[in-house]
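Please read the structure below before turning to the comments.
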Protein chains: 2
Amino acid sequence: MCPTFEEALELVGRRWTGAILTATHQGVTRFSEYRAAIDGISDRLLSQRLKELETAGLLDRIVVPSTPVQIRYRLSPDGLELVEALQPLAQWSLRRSVRGRARQTSSA
Amino acid sequence: MCPTFEEALELVGRRWTGAILTATHQGVTRFSEYRAAIDGISDRLLSQRLKELETAGLLDRIVVPSTPVQIRYRLSPDGLELVEALQPLAQWSLRRSVRGRARQTSSA
DNA sequence: CTGAATCCAATAGGATACTG
DNA sequence: CAGTATCCTATTGGATTCAG
């Protein structure tokens with residue numbers, strides 16, 4: 001299997017990453033908005049994930065030169081494509097949860 | 001975001017999981033075949049992932065009553081749907097790697 | 001052949017406090 | 001507001017050995 005696919009899976013499989021991408025897709029742009037929109041995420045992880053996604057070229061970090069400066073995030077073209085590419089997976093998990101399967105995936 | 005989507009992402013984002021699903025989809029069925037097909041995976045992780053995927057209802061573990069018994073794995077209907085749902089993501093990562101983006105996603 | 005058991009190193013993640 | 005820094009624990013993953 002091509003390694004870039006594994007990389008994509010592992011990036012997107014990191015905790016909170018899906019939630020951040022989804023939130024961004026739904027219009028969330030500010031750090032504090034993510035905090036409010038994503039229940040349970042810590043500042044540290046949010047900051048880390050945003051940076052990872054920016055580094056991966058999936059989010060653009062926009063500095064608005066107001067006073068005080070505002071930081072906004074948005075999906076890059078690649079990021080938008082990714083969110084769209086994840087839709088079938090979202091549908092699948094939704095179908096599955098409706099059918100009753102899901103959960104019990106841990107327990108090593 | 002619905003928690004089942006996060007669960008799906010985290011399951012599929014675990015190391016080797018994508019490779020195992022792909023290999024299975026391409027006809028791999030035996031433990032030793034996975035070992036041969038997936039470069040670098042250890043017995044421990046292969047065993048663990050197979051069990052996780054079985055527990056999640058994505059793989060079926062078939063015991064063939066020959067002498068000695070043979071163990072075969074195959075995608076369950078859900079697992080097949082999952083593999084199909086992952087195709088857009090695979091396409092996306094392929095497009096991206098062709099375009100030259102990808103990599104540099106780690107470095108916390 | 002198909003794993004399970006053990007041991008260890010690395011990484012991820014959570015909580016909290018602090019800063020420009 | 002938008003993060004950093006620090007600390008600490010839990011989870012992952014790799015290597016190796018053992019077993020039915």
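Every chain is numbered from 1, with letters handed out A, B, ... down the list of sequences.
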Point to revise | Between C1' of dA15(C) and CG of Asp43(A), the distance in whole Å | key: 11 Å
Exercise for review: Please test Arg96(B) against Glu81(A) for salt bridge (charged side-chain N to carboxylate O under 4.0 Å, His left out), starting from the C-alpha separation and ending with a verdict.
Suggested key: CA-CA 10 Å; Arg96(B) 242 168 86 89; Glu81(A) 279 187 21; over 6 Å; no
Check your understanding: Rounded to the nearest Å, what distance is computed from the CG atom of residue Leu46(A) to the P atom of nucleotide dA15(C)?
Key -> 14 Å
**Study point:** Atom-pair distance (OH on Tyr34(B); P on dC1(C)), nearest Å
**Key:** 15 Å
Check your understanding: Using a cut-off of less than 4.0 Å, is there contact between a side-chain N or O of Lys51(B) and OP1 or OP2 of dG3(C)?
Key -> no
Exercise for review: May I ask you to say whether Arg14(B) pairs ionically with Glu52(B), meaning some side-chain N is under 4.0 Å from a carboxylate O?
Suggested key: yes
Review point. Counting side-chain heavy atoms from C-beta on, which of dG13(D), dC1(D), dG3(D) comes nearest to Arg15(B)?
Key: dG13(D)
Point to revise | Nearest-0.5 Å distance, OG of residue Ser93(B) to CG of residue Leu86(B) | key: 10.0 Å
**Study point:** Nearest-nucleotide pick for Ser47(A), side chain only, options being dG13(D), dC1(D), dT4(D)
**Key:** dT4(D)
Check your understanding: Of all the nucleotides listed (dG14(D), dG3(D), dT2(C)), which has the minimum atom distance to the side chain of Arg61(B)?
Key -> dT2(C)
Point to revise | Ile71(B) CD1 - dG20(D) P separation (whole Å) | key: 16 Å
Check your understanding: So what does Tyr73(B) touch, heavy atoms closer than 4.0 Å: a base, only the sugar-phosphate, or nothing?
Key -> sugar-phosphate
Point to revise | Side-chain N or O of Ser42(A) closer than 4.0 Å to phosphate OP1/OP2 of dT16(C) | key: no
Exercise for review: Mind calculating the distance between CD (Glu54(B)) and P (dA4(C)) to the nearest angstrom?
Suggested key: 10 Å
Review point. Rounded to the Å, how far apart are Phe31(A) CZ and dT19(C) C1'?
Key: 13 Å
Check your understanding: Should Tyr34(A) and Leu46(A) be marked as a side-chain contact (heavy atoms from CB on, under 4.5 Å) after you check the CA-CA gap, both sets of side-chain angles, and the distance that decides it?
Key -> CA-CA 8 Å; Tyr34(A) 288 106; Leu46(A) 175 55; 3.7 Å; yes
Exercise for review: Determine whether the side chains of Gln91(A) and Arg95(A) contain a donor N or O and an acceptor N or O closer than 3.5 Å.
Suggested key: no
Study note, to complete from the structure: When Gly40(A) and Gln70(B) are each assigned the nearest nucleotide of DNA chain C, the 5'-most assignment goes to Gln70(B)
Review point. Less than 3.5 Å between a donor and an acceptor, one on the side chain of Arg44(B) and one on the base of dG13(D), is that the case here?
Key: yes
**Study point:** Interatomic distance where CD1 belongs to Ile41(A) and C1' belongs to dG3(D) [whole Å]
**Key:** 13 Å
Check your understanding: Expressed in angstrom and rounded to an integer, what is the separation of Leu50(A) atom CG from dC1(D) atom P?
Key -> 15 Å
